[in-house]
2 protein chains.
Amino acid sequence: MAASRARTPRNTLSPELIVRTALELMESDGTSAFSLRGLAAELGVGPMALYTYFRNKDDLYDAVRNHLMGLLPPVPDGVPWQDQVRAVCRSLRSLMLQHPCLAQLLAGRPLSGQETARVAEGLLGVLRSAGFGKETAARTHTTLFTYVLGSTSWEIQMAAERRDPEAWRRLRTTMESLSATEFPTVVELAPELARTTGGDAQFDYGLDLLITGLEPQAN
Amino acid sequence: MAASRARTPRNTLSPELIVRTALELMESDGTSAFSLRGLAAELGVGPMALYTYFRNKDDLYDAVRNHLMGLLPPVPDGVPWQDQVRAVCRSLRSLMLQHPCLAQLLAGRPLSGQETARVAEGLLGVLRSAGFGKETAARTHTTLFTYVLGSTSWEIQMAAERRDPEAWRRLRTTMESLSATEFPTVVELAPELARTTGGDAQFDYGLDLLITGLEPQAN
DNA sequence: ACCTGAACACCGTTCAAGT
DNA sequence: ACCTGAACACCGTTCAAGT
């Protein structure tokens, strides 16, 4: 909002500045409220100035996602493969929690860019070193990646819901209106369900289930 | 497209007709191309006619999701709990594959409606009968649900990518440009990775890992 | 190359009005 | 109640033009 009046002088724009500002905007106003026109206003330029650096909105989205994926830490060395897998999955999850727009950018856009390959490389390397076969390593990578994506996206979604009073009221209303004869188990487990929509313990529970299932596959 | 010229007479609209037409439109033209104005045109009415039945676009989205969730088959009886869990998860997955918009409707909208509770009831009932504790049953439900959501959304995304020539070309270019020294494992496992982005075998692999991990929890 | 300004073809939604 | 029509405040993107 700060610079939306002042005209930014020429040659001060750059891909990095645009990506950084886009990210800030997505985080302050929400991913769905993001627009190229709003970004241009924030940067103090006309909407068309952005087209010098990005071919279209999706191209910018890819750049933001690539930037975020570059922030992932390297895989830790010298620990059992189970802990390496845990570390990679937790890193991705906490990056998504820090930057909620990443959930939409990963799920809603086709794959591209070197940075996405870096996650795959880290995880696949761990699995291969642990003795997983080629096909099993690839399958395991997809399984772990989609588990992290799905569970963390859901967690972000539920957290957003809790902040939106209207959505939260509707959810409470639905839960309370559930007939105890038609939905006995949901009604009985309502408190437990409310407690297990997210958080580290919930994430680790599912992750440990997967890792336990994986152990026979290693040699 | 058929009725976009003719004026539909009064009192022929209904929530059911609107939801059904919306679903058809999302499946023929893609979820992202869907608009209230396009839906109204298809129904042969003005855009504002829809607001008699739905408070806004999100309200219509919820109705479409609720309609789809109502199509889920009941949990099979008289088989081991592992097979019941498998059946519930596979049902949800195949419903998502049949109606790709469901992925976006589940991930992008807050929870609401009785139909979403039906899935939870089915799965939680199975787990409780198998001897899972309250908290463990709730945790397991969230884990299984987010696994199905994440893996199937990813599969749908990858399938869409394969149909889009531009996206597909970019992905191939990225994969081929990966340096074999920086990304040795990704390059080595490229064929396996391409084969394991989706399909029944990939889905069941992850599901079986989870179920294997769950077995000690049952009594 | 870098950026502007006007214009096009869209959106969801509000408001006042008609039946 | 059911629906229309005009209007508002937006979009992403193209095109021609300026520096």
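Predicted model only: the values in this text are computed from it and were never measured. Below, chain A is the first sequence line, B the second, and so on; all start at residue 1.
Closest to the B/Leu36 side chain, of the nucleotides C/dT4, D/dG12, C/dG12, is C/dG12.
Residues of residues 52-62 of chain B having a heavy atom closer than 4.0 Å to DNA chain C, listed by number: B/Asn56, B/Lys57.
Distance, A/Arg37 CZ to C/dT4 C1': 13 Å, rounded to whole Å. Following rounding to the nearest Å, B/Tyr51 (OH) and C/dC15 (C1') show an atom-to-atom distance of 13 Å. Between the CG atom of B/Leu39 and the P atom of C/dC10 there is a distance of 16 Å, given to the nearest Å.
Checked against side-chain contact (heavy atoms from CB on, under 4.5 Å), B/Phe132 has the following partners two or more places apart in sequence or in another chain: B/Trp81, B/Leu127, B/Ala130, B/Thr136, B/Ala137, B/Thr140, B/Leu214, B/Gln217, B/Ala218.
Within the 3.5 Å criterion, the main-chain N or O of B/Glu192 finds no donor-acceptor partner in the side chain of A/Glu135.
Annotation for B/Leu111 and A/Trp154: closest pair CD2-CH2, 3.6 Å, computed over non-hydrogen atoms.
When each of A/Met48 and A/Gly38 is assigned the nucleotide of DNA chain D with its nearest heavy atom, A/Gly38 is the one assigned upstream, toward the 5' end.
Among the candidates B/Val64, B/Asp29, B/Leu25, the single residue satisfying the side chain to side chain contact (heavy atoms under 4.5 Å, CB included) test with B/Phe34 is B/Leu25.
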- line: Annotated structure of DNA chain C as dot-bracket, pair cut-off 3.5 Å, Watson-Crick or G-U only, | for inter-strand, is ||.|||||...|||||.||

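Between B/Arg86 and B/Asp204 there is no salt bridge, since no side-chain nitrogen of the basic residue lies less than 4.0 Å from a carboxylate oxygen of the acidic one.
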